[in-house]
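Before any comments, here is the structure.
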Amino acid sequence: MSRRTLYQSAERVAPRVLGARLVSEVGGERVVVRLTEVEAYGGAGEDPGSHAYLGKTPRNATMFGPPGHAYVYFTYGMHWCANIVTGPEGTASAVLLRAGEIVEGLDVARARRLSARVDRDLARGPARLTVALGLTGELDGVDLLDSTSPLRLEVARRPLPVVAITPRTGVGGAGAMTPWRFVSDDPTVSPYRAAVSRGRAAR
DNA sequence: CTCGAGATGGCCT
DNA sequence: GGCCATCTCGAGT
């Protein structure tokens with residue numbers, strides 16, 4: 001694929017990367033996933049569900065950079081999540097990688113995801129996917145289309161068919177309605193969970 | 001399968 | 001101080 005495709009907005013790019021291969025050679029170990037579920041996030045001032053909504057900050061700076069790079073962030077005090085930056089530089093849209101099927105490096109992925117009881121769960125969920133691939137904040141900003149990068153994206157000539165478009169998992173507030181979660185017909189697609197409110201427990 | 005709750009810490013106002 | 005683009009486990013239907 002050309003970088004040109006990634007210059008479009010995230011909601012246009014998202015369905016096209018279903019079925020794409022994400023190749024990780026982090027730590028000298030090769031693991032490849034075929035993407036089965038993604039979500040689109042918009043830029044500053046346009047998508048209340050996006051990290052970029054309130055403008056550029058140290059954490060989300062990569063989103064404002066050129067398309068085709070990885071935006072990797074830390075959340076919930078323990079998890080990493082990975083995105084593909086899309087759109088022209090400055091627009092800050094991105095595609096969150098929510099799930100995939102391990103197609104190479106099964107042994108490595110299993111060793112990294114000891115809590116997964118079945119292979120289907122190895123990269124079923126955004127934080128599980130980053131663990132299976134060995135991704136951390138060190139990968140933030142890498143060029144996914146550079147053949148020398150430790151993390152690369154190879155988009156399928158024919159994307160997987162989109163069988164469902166739903167609201168985004170875990171996104172609440174004003175961004176909750178936007179149907180920007182794109183799902184293929186595959187058992188590795190993660191279970192949908194609505195945003196949960198974290199009110200302080202009574203007691 | 002569904003639901004609920006704890007873990008755990010950075011980010012942003 | 002409040003809010004997370006989540007995961008895991010246990011217990012219930």
Side-chain angles (χ1 to χ4, degrees), chain A residues 9-11 13-15 17-18 22 33 35-64 69-87 91-100 102 109-141 164-183 187-203:
Chain A
S9 58
E11 73 271 24
V13 174
V17 298
L18 285 181
L22 187 64
V33 295
L35 300 175
T36 58
E37 176 188 352
V38 297
E39 283 176 0
Y41 286 86
E46 59 182 41
D47 176 12
S50 172
H51 285 176
Y53 185 58
L54 298 178
K56 190 173 180 177
T57 69
R59 175 174 70 160
N60 66 23
T62 301
M63 289 183 76
F64 288 80
H69 290 238
Y71 168 48
V72 184
Y73 68 89
F74 189 63
T75 191
Y76 288 107
M78 62 196 106
H79 297 303
W80 295 100
C81 292
N83 299 248
I84 303 164
V85 175
T86 78
T91 58
S93 60
V95 174
L96 171 69
L97 309 179
R98 288 202 54 88
I102 306 291
R110 286 173 180 151
R112 288 172 172 164
R113 290 266 306 120
L114 295 177
S115 65
R117 298 185 188 184
V118 294
D119 289 344
R120 167 201 206 212
D121 287 343
L122 288 172
R124 188 182 190 222
R128 292 167 167 185
L129 183 148
T130 59
V131 171
L133 294 182
L135 310 184
T136 68
E138 293 183 16
L139 277 295
D140 184 44
I165 301 177
T166 77
R168 294 168 294 185
T169 302
V171 173
M177 303 300 286
T178 315
W180 277 359
R181 172 173 176 256
F182 298 83
V183 171
T188 61
V189 169
S190 70
Y192 176 77
R193 296 185 205 285
V196 296
S197 111
R198 236 157 240 290
R200 203 40 244 142
R203 164 24 175 187

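Naming: A, B, ... by sequence-line order, numbering from 1 per chain. Below, each value reflects all heavy atoms present in this structure, side chains not excepted, and no hydrogens, waters or symmetry copies.
Between A:His51 and C:dA5, a side-chain N or O to OP1/OP2 separation shorter than 4.0 Å is present. In this structure, A:Thr169 does not reach the C:dA5 phosphate: none of its side-chain N or O atoms is under 4.0 Å from OP1 or OP2. Residue A:Thr75 has no polar side-chain atom (N or O) positioned under 4.0 Å from OP1 or OP2 of C:dC4. OP1 or OP2 of C:dT6 sits under 4.0 Å from a side-chain N or O of A:Arg98.
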Pairing pattern in dot-bracket form [Watson-Crick, G-U; both distances under 3.5 Å; | = partner strand] for DNA chain C:
||||.|||||||.
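The separation between A:Tyr73 atom OH and C:dC4 atom P is 12 Å, rounded to whole Å. A:Arg193 has its CZ atom 16 Å from the C1' atom of C:dC4, to the nearest Å. Regarding A:Phe74, its CZ atom lies at a distance of 16 Å from the C1' atom of B:dC12, rounded to whole Å. Summarising the geometry, the separation between CZ on A:Arg128 and P on C:dC7 is reported as 6 Å, rounded to the nearest angstrom. In this structure, A:Arg117 atom CZ and C:dC7 atom P are separated by 16 Å, rounded to whole Å.
Stacking annotation: A:Tyr76 is not stacked on the base of C:dC7 (requires ring centroids less than 5.5 angstrom apart and an interplanar angle below 30 degrees).
Mapped onto DNA chain C by nearest heavy atom, A:Leu129 and A:Gly172 fall at different nucleotides, with A:Gly172 at the one closer to the 5' end.
Residue contacts shown for A:Arg113 are limited to sugar-phosphate atoms, with no base heavy atom under 4.0 Å away.
Shortest non-hydrogen contact noted between A:Ser50 and A:Gly42 is OG-O, 2.6 Å.
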